[in-house]
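First comes the structure, then the notes that go with it.
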Amino acid sequence: MPLGDSPFPLIVLPDREAVADQAARLLLSERRFRPERPLGLATGRTMVPVYRALVGLVDQLPEAERQRLRERWLSFNLDDYVVEPAARDTAGFRPEMELALVRPLGLDPDQVRLPRGDAADPVAESQRYGAELQAAGGIGLQLLGLGLNGHVGFNEPPCGPREGCRCVPLSDSTRRANATAFGGSWQAVPRRAITLGLREILAAESILLVVTGAAKAPVLARLLQEPPSDDLPASWLRGHPRVTLLVDQEALG
Ligand code: GLP
């Protein structure tokens, strides 16, 4: 497909480090200059170098700027697994965010919000989290990765654009894709998650979709070519006026 035919403004960079650096610059500039609405954050392997690059950029800021950024930080993660309370500190995305951002940036954990996957009632928790985000004004810039089956957040196919924050079952293919975070055993990956829906994602002011690595080439090709459908949840991003797609050469295939 000629790149000019991409349904989204497309930035292609040589490798995942270059992509991470660019994504980090966009996140930092959003947080510094447009702090009115919270950032929307994602987890997963794609985001590891992004947050590393972000921490590196913040380290280079003058102390007063860093302090300002710390004071004004507010972000909402897309999703988390439903886990037993005993696993709260080891499983799921909270420990990942602590290591990637909370500690290196010196933030209060409450400034980096995630749904509570260990809540006694995950369905009620998903409603609470959606309402909390709404009360905070909705997302400013939403950072997104792309699942191998076309999911964003944990909006597994089939998924329509009006689905809101909710508790969802995870497909076996997603559990297999995420097994490394659970000691390599896909059966150890939780069966359910809480995720922001496409409704909250599409309500963001702008969206940055980051796709890297050869494994994502088939799903990226689908995203660039297929019309919007519930079978490819990320395809509903076509309905958003301010999406940037940031990819590396490998993902482009
Ligand atoms: C995961 C997460 C998404 C993530 C995507 C890609 O299952 N729920 O938020 O963006 O799938 O993950 P990765 O970057 O590890 O390929």
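Counting convention: from 1, in listed order, for ligands and their atoms alike. Nothing here was measured: the structure is a model prediction, and the numbers come from that model.
- Ion pair Glu132/Arg113 flagged as a salt bridge, since at least one NZ, NE, NH1 or NH2 atom sits closer than 4.0 Å to an Asp/Glu carboxylate oxygen.
- Between Thr46 and ligand 1, a contact under 3.5 Å exists for at least one N or O pair.
- Nearest residue to atom 10 (O) of ligand 1 from Gly145, Ala42, Ser171, Ala193 is Gly145 (criterion: closest heavy atom).
- Across the listed options Glu156, Lys216, Arg45, Lys216 owns the non-hydrogen atom lying nearest to atom 16 (O) of ligand 1.
- Taken from CD in Glu63 to CZ in Arg68, the straight-line distance is 13.0 Å, to the nearest 0.5 Å.
- Contacts with ligand 1 closer than 4.0 Å are made by no heavy atom of Thr195, backbone or side chain.
- A donor-acceptor contact closer than 3.5 angstrom links the side chains of Thr174 and Glu156.
- Looking at ligand 1, you'll find an N or O of Gly153 within less than 3.5 Å of one of its N or O atoms.
- For the pair Met47 and ligand 1, no heavy-atom separation below 4.0 Å is found.
- Under the 4.0 angstrom criterion for non-hydrogen atoms, Leu148 is not in contact with ligand 1.
- Remark: the Trp236 side chain and the Asn155 side chain contain no N/O donor-acceptor pair separated by less than 3.5 Å.
- From Gln111, atom CD reaches atom CZ of Arg72 across 12.0 Å, with rounding to the nearest 0.5 Å.
- With a 4.0 Å heavy-atom cut-off, ligand 1 is reached by the side chain of Asp79 but not by its N, CA, C or O.
- No hydrogens or angles considered: nothing links the side chains of Arg25 and Gln22 as a donor-acceptor pair under 3.5 Å.
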